[in-house]
Number of protein chains: 2
Amino acid sequence: MEKTDALAALAALAQDNRLDVFRLLVQAGPEGMPAGAIASSLDLPPNTLSFHFDRLRMAGLVTVRREGRSMIYAARFERMNALLGFLSENCCGGVLLRPDAQCKPARRRARVSA
Amino acid sequence: MEKTDALAALAALAQDNRLDVFRLLVQAGPEGMPAGAIASSLDLPPNTLSFHFDRLRMAGLVTVRREGRSMIYAARFERMNALLGFLSENCCGGVLLRPDAQCKPARRRARVSA
DNA sequence: GCGACATTTCCATAATCGTTGAAATATGGA
DNA sequence: TCCATATTTCAACGATTATGGAAATGTCGC
């Protein structure tokens, strides 16, 4: 990840409501979550939320797709992974990450039986 | 690290000049670097730099000590480490960090003639 | 078509941010 | 003491930010 992208991602996460939104999306997993559900979960007016979604999307941290009347937002885990990589490498001596580490959804995942 | 502290640290790093300053301090290592050396290295006016130092200090990312006429700023590695931990845990599924990982100075040391 | 729903866009507002010139503070040396 | 150096503080300024009311857009079911 380049410095410009890292700055954009940092700025996107450096705001109370947006950090909450992103954390919620990380828990929601790759399928994402409709804007309305996020709005009611965080108790934010829809236009305010729309503004923050835009920042997150411009920073590359979320994707959006339409599903019927709803807009479904989802975290871009690989982007967050890249941000962590940038910070580790540029601000932390570069020794922080597990070589095989990948950002993944936080919530319980479907168990894959061996 | 708590959410409030994480937000402060993110906001502190989410600015071009401040990110440069912090990266420089990470390379400089625990002994830190005088403000003047940073100013000339990044070509920033001293009052502008002072403003940014303040933000970094308020966010807990740097310390400062006086040494003669110079103010020596140094990165707080453990704080950066805590930020990475917060992001990993809250925004990344919690699987990113090596259990023994610690932020440390980057290899290169900035040799400074005060 | 119409009406309910879901979300965005537009507009205005107050607050915060980053920068700079000028003045102030602190230290060390002659 | 006076002077040079190093850095901060003060006081502006334009730019950006976060917010919310109101209106617009898009979608679905009838």
Side-chain angles (χ1 to χ4, degrees), chain A residues 3-4 6-25 28 31-59 61-75, chain B residues 3-4 6-25 28 31-75 110-114:
Chain A
K3 184 186 156 191
T4 305
L7 275 172
L10 287 169
L13 293 177
Q15 205 277 335
D16 205 2
N17 292 327
R18 282 198 297 269
L19 186 58
D20 286 342
V21 168
F22 190 75
R23 290 210 285 179
L24 204 54
L25 289 177
E31 324 92 61
M33 219 174 148
I38 299 172
S40 61
S41 174
L42 299 179
D43 197 28
L44 288 174
N47 50 354
T48 297
L49 192 54
S50 206
F51 167 82
H52 291 305
F53 279 143
D54 233 47
R55 297 304 176 96
L56 288 168
R57 200 168 43 78
M58 304 267 199
L61 286 170
V62 306
T63 59
V64 60
R65 69 182 194 276
R66 178 176 286 279
E67 212 161 273
R69 274 175 277 197
S70 294
M71 302 296 272
I72 314 284
Y73 285 86
Chain B
K3 184 186 155 192
T4 304
L7 275 172
L10 287 168
L13 294 175
Q15 207 275 336
D16 205 0
N17 292 328
R18 281 197 299 267
L19 186 56
D20 286 342
V21 168
F22 191 74
R23 290 210 284 180
L24 203 55
L25 289 177
E31 323 92 68
M33 217 174 150
I38 300 174
S40 60
S41 175
L42 299 179
D43 196 30
L44 288 174
N47 49 355
T48 297
L49 192 54
S50 205
F51 167 82
H52 291 305
F53 279 143
D54 234 47
R55 297 306 175 96
L56 288 168
R57 202 169 41 80
M58 303 264 199
L61 286 169
V62 306
T63 58
V64 61
R65 72 181 191 275
R66 177 178 286 279
E67 210 160 274
R69 274 176 278 200
S70 296
M71 302 296 273
I72 314 285
Y73 285 86
R111 193 39 57 195
V112 164
S113 53

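Here the structure is a predicted model, which is why all the values come from computation and not from measurement. Quick note on labels: first sequence line is chain A, next is B, and so on, each numbered from 1.
Among the nucleotides C:dT19, D:dT19, C:dT8, the one closest to any side-chain atom of A:P46 is C:dT8.
Here the P atom of nucleotide C:dA24 and the CE atom of B:M71 are 20 Å apart, to the nearest Å.
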Practice task
Could you run through nucleotides 20-25 of chain D and give me one letter per nucleotide, 5' to 3': B if any protein heavy atom sits under 4.0 Å from the base, S if only the sugar-phosphate is that close, - if neither?
Solution key: BBB---
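Residue B:R69 places none of its side-chain N or O atoms closer than 4.0 Å to OP1 or OP2 of C:dG29. Contact annotation: A:R66 does not reach the phosphate of C:dT7 (side-chain N/O to OP1 or OP2, under 4.0 Å). An OP1 or OP2 oxygen of D:dT27 is reached within less than 4.0 angstrom by no side-chain nitrogen or oxygen of A:S70. Between B:H52 and the phosphate of C:dT19, there is a side-chain N or O to OP1/OP2 separation shorter than 4.0 Å. For B:Y73, a side-chain nitrogen or oxygen approaches OP1 or OP2 of D:dT8 to under 4.0 Å. Close to C:dC17, at under 4.0 Å from its OP1 or OP2, lies no side-chain N or O of B:R18.
Both A:A14 and A:G68 lie near DNA chain D, and the one whose nearest nucleotide falls closer to the 5' end is A:A14.
Sorted by first and then second residue, the side-chain hydrogen bond (donor to acceptor under 3.5 Å, both in side chains) pairs involving residues 34-52 of chain A (not counting sequence neighbours) are A:R18-A:H52.
Here the side chain of A:R55 pairs no donor or acceptor atom with the backbone of A:R57 at under 3.5 angstrom.
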